[in-house]
Amino acid sequence: MFVAAVSIAILSTGTIDFYVDGPGFVRFVREGRSVYSRDVQLTYADSQIRHEGGLALNPSIHLGSAPDDLRVDLDGRLFGTLGESEVELGRIVLALFPDDVRPVVSGGFVVSPIRPKIKAPGTDGAGVIRMGKRPRRGVTARRTPNDADQKPRNDQWAGAPKIELLAEAVIDGNRIVLGQIATISASETLKQKIGQVSIGLTPAFGVSTRLSRDLVLLRLRSAFKDADAYELIGATSVTVKRKSQLIPHDRFVEAAIAAATQQISEDATYASTKPAPSMAAPFGEVELIAESVRSSGSTVTAVVALFVDGKRINSRTIKLDSSDPFGKIRIGQTVKVIVRSNAASVVTTGTVKGKNAAARTVTVRTATGAMLEGVVTAVGVVEVAA
């Protein structure tokens, strides 16, 4: 994946140099089309921030007057002095192309028919900000207070870079880069570049994928001409899983029971006898919501959806066994009928002719042909108030 990162050094009032240390580009507009560059000098002209060649930055930054002392921070925010105050003028974004896309040079810029993804510097493998002009090969860039993270580094690594693949890796995010699945030994500058080489997409939550050493070498060759000279050691393949949290099956059952109690019957008891594994989900605040609940006889089926930070991630269908005697009554079933009148009661038999789920009553025809409506008080027992 191509990424751009921006660093800036002040050359003169209202003019700055920067270059991209990473596989991406800064965008400009030429004749209505986007073009890209990694080595840029920005200036102010015709009420906009532009490339020194006159092309407008994309997204454009319009200003009513020329700023002094332009600079950009690690997040790509462009600052300048207007009057006596430094203000944020806009933000520089970075264009990332798929691994198999190689933009071509045209008129001092690169062009591509493929639409890139847009990222902020320093995010999702978007590279780092480097100040000033790009150093010549073999020359160590001078670090400044605005450069990277101020940690000491060793740019004097001797010999070929060494990349040791891990046997397993847990990835947080949508894309796998080499620095997440390997230990890299090289100069700090090259180490950062190698670490940002895109290997592929992370698998779905709860699923693992295996990346071969041959695939890693293929990605390295796409990014570096001298990749065959690198020392690629360690595991022959890397098993990658996505960083996740596990939601126990019992929580889905609890949500289903709560919904059944509220929507079907508060008098019944419900239980699930079918175990299931936990469900993997991204990290965040978990909420389980029953999207539908329906009953058929003594079985209740609930679809419970999993939401993380308000976003629907997945769902699970839960089947519950109900102790509700109403649910166990069948049309055509012979039941015992108890007709109560004050303190007296008459016991007979009848055949169930209908069920009213809303009123939770059943209609029975007795042996004498009388049609009576009553409530189910036990399995196979209907009580009728005379």
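Worth saying up front: this structure is predicted, and the values here are computed from it rather than measured. The analysis underlying the following values was restricted to heavy atoms, covering all of them including side chains, and did not include hydrogens, waters or symmetry mates. Along the sequence shown, the residues carry numbers beginning at 1.
At distances below 3.5 Å, not a single donor-acceptor pair connects side-chain atoms of Ser296 with backbone N or O atoms of Thr299. A donor-acceptor distance shorter than 3.5 angstrom exists from the side chain of Lys355 to the backbone of Ile329, with no hydrogens or angles considered. A donor-acceptor pair under 3.5 Å links the side-chain atoms of Gln245 to the main chain of Pro282, judged by distance alone. In this structure, Gln180 contributes its side chain and Ala169 its backbone to no donor-acceptor pair below 3.5 Å. At distances below 3.5 Å, at least one donor-acceptor pair connects side-chain atoms of Ser222 with backbone N or O atoms of Leu218.
The shortest non-hydrogen separation linking Phe109 to Arg30 is CD1-NH1, 3.9 Å. Heavy-atom minimum distance, Arg27 versus Ala95: CG-CB, 3.9 Å. Closest non-hydrogen pair, Arg242 versus Val170, comes out as C-CG1, 4.2 Å. Contact between Ile114 and Pro98 at its shortest, heavy atoms only, is CG2-CD, 4.2 Å. In terms of heavy-atom proximity, Arg330 sits nearest to Gln333 at N-OE1, 2.9 Å. Contact detail for Pro248 and Ser278: the closest heavy-atom pair is CA-OG, 3.5 Å.
Atom CD1 in Ile199 sits 12.0 Å away from atom OG1 in Thr209 (nearest 0.5 Å). Distance check, rounded to the nearest 0.5 Å: NZ of Lys243 to OG1 of Thr202 gives 13.0 Å. Expressed to the nearest 0.5 Å, how far CD1 of Ile318 lies from CD1 of Ile257 amounts to 9.5 Å. Note: Ile181 CD1 to Leu211 CG = 5.0 Å, rounded to the nearest 0.5 Å. One distance of note links CZ of Arg210 with OG1 of Thr239; it measures 4.5 Å at 0.5 Å rounding. The OH atom of Tyr36 lies 8.0 Å from the CG atom of Asn58; values are rounded to the nearest 0.5 Å.
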Return all side-chain donor-acceptor pairs below 3.5 angstrom for residues 362-376, not counting sequence neighbours, or 'none' if the list is empty.
from, atom 1, to, atom 2, distance (Å)
Thr366, OG1, Thr368, N, 3.4
Thr366, OG1, Thr368, OG1, 2.9
Thr366, OG1, Ala370, N, 3.3
Glu373, OE2, Thr361, OG1, 2.8

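Neither Ile171 nor Leu201 shares a network with the other; the hydrophobic side chains, linked directly or stepwise wherever heavy atoms of I, L, V, M, F, W or Y lie under 4.5 Å apart, form separate groups for each. Note on Val238 and Ile184: same hydrophobic cluster, where clusters join Ile, Leu, Val, Met, Phe, Trp and Tyr whose side-chain heavy atoms are under 4.5 Å apart, directly or indirectly. Cluster membership check: Leu246 does not share its hydrophobic cluster with Phe283, using side-chain heavy-atom separations under 4.5 Å among Ile, Leu, Val, Met, Phe, Trp and Tyr.
Using a 4.0 Å cut-off between charged nitrogen and carboxylate oxygen, Lys241 and Glu168 do not count as a salt-bridge pair. Between Arg312 and Glu291, at least one side-chain N (NZ, or NE/NH1/NH2) sits under 4.0 Å from a carboxylate O, which counts as a salt bridge.
Using a 4.5 Å cut-off on side-chain heavy atoms (C-beta onward), Val300 and Val293 make contact.
By the 30° and 60° cut-offs, the orientation of the rings of Phe97 relative to Phe25 is perpendicular.
Between the side chains of Ser198 and Arg175, a donor-acceptor pair is found at a separation under 3.5 Å.
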